[in-house]
Amino acid sequence: MQEAVAALRYGTLGVNCWSGTGFLLGYTPWGAHPGHTRQAIGSGTGFVHNAFMLNGVEKTVLRAPFAPAPRGLFSGSPSLSPRPPYFVTSRTGRTTLERLTRFTAAPGAAQLPALFASALRG
């Protein structure tokens with residue numbers, strides 16, 4: 001698997017997790033694999049964040065356990081991994097997406113606790 005990850009020409013990769021987590025962490029370099037041009041944009045150009053001021057960043061790889069909670073508790077690799085609201089098996093999918101839509105239309109910190117609570121109950 002290491003070879004497959006190394007061969008991918010993307011700036012931020014998630015193994016068993018959403019690659020957007022790299023952006024949300026705020027300190028990991030987030031951006032494109034080096035070498036892309038405007039004519040062949042690929043995964044984009046440039047990086048943002050990079051709080052540790054690393055030179056020559058090629059990619060950021062985020063890894064998470066394969067088994068989400070609560071199954072991960074039994075396998076020794078616990079994680080906080082809510083069921084995506086668009087899954088058919090999500091119990092709170094409709095509520096979560098409605099709250100997310102309201103938040104997107106009119107962002108406000110006061111809306112976040114209810115949104116997170118709904119998402120985590122999914």
Side-chain angles (χ1 to χ4, degrees):
M1 183 170 99
Q2 299 291 349
E3 297 83 19
V5 170
L8 292 171
R9 295 183 47 85
Y10 293 94
T12 304
L13 300 168
V15 178
N16 297 328
C17 64
W18 178 43
S19 61
T21 305
F23 181 83
L24 296 174
L25 288 172
Y27 57 85
T28 56
W30 166 265
H33 191 275
H36 294 290
T37 65
R38 289 178 189 239
Q39 292 74 29
I41 202 69
S43 68
T45 60
F47 272 93
V48 296
H49 297 176
N50 195 8
F52 299 118
M53 306 299 283
L54 303 170
N55 289 322
V57 174
E58 184 174 310
K59 70 177 71 175
T60 300
V61 180
L62 302 157
R63 299 178 192 280
F66 180 69
R71 291 175 300 174
L73 297 174
F74 303 115
S75 67
S77 59
S79 69
L80 180 63
S81 181
R83 181 173 289 134
Y86 49 82
F87 274 23
V88 174
T89 56
S90 175
R91 296 176 306 215
T92 61
R94 180 179 176 148
T95 303
T96 301
L97 291 173
E98 285 173 352
R99 291 176 179 174
L100 179 61
T101 302
R102 273 191 233 108
F103 177 78
T104 302
Q111 299 176 61
L112 292 177
L115 174 60
F116 291 149
S118 178
L120 292 173
R121 282 193 312 266

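Only a predicted model underlies this, so the values are computations on that prediction, with no experimental measurement involved.
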Would the distance check show the side chain of Arg99 and the main-chain N or O of Ala114 forming a donor-acceptor pair, the cut-off being under 3.5 Å? yes
Please give me the minimum heavy-atom distance between Ser118 and Thr92, naming the atom from each residue. O-OG1, 2.6 Å
Honestly curious: do Leu62 and Leu54 fall in one hydrophobic cluster under the side-chain, below-4.5 Å linking rule? yes
Is the backbone N or O of Thr60 less than 3.5 Å from a side-chain atom of Thr12, with the two atoms forming a donor-acceptor pair by type? no
Just so I know, are the side chains of Phe23 and His49 near enough to count as touching, which here means a heavy-atom distance under 4.5 Å? yes
Could you work out, with side chain to side chain contact (heavy atoms under 4.5 Å, CB included) as the rule, every residue matching Arg94, not counting sequence neighbours? Glu98
Is there side-chain contact between Ser90 and Thr96, with at least one heavy-atom pair below 4.5 Å? no
Contacts of Phe116 that satisfy side chain to side chain contact (heavy atoms under 4.5 Å, CB included) - sequence neighbours left out: Leu112
Within the side chain of Thr101, is there an N or O that forms a donor-acceptor pair under 3.5 Å with the backbone of Leu97? yes
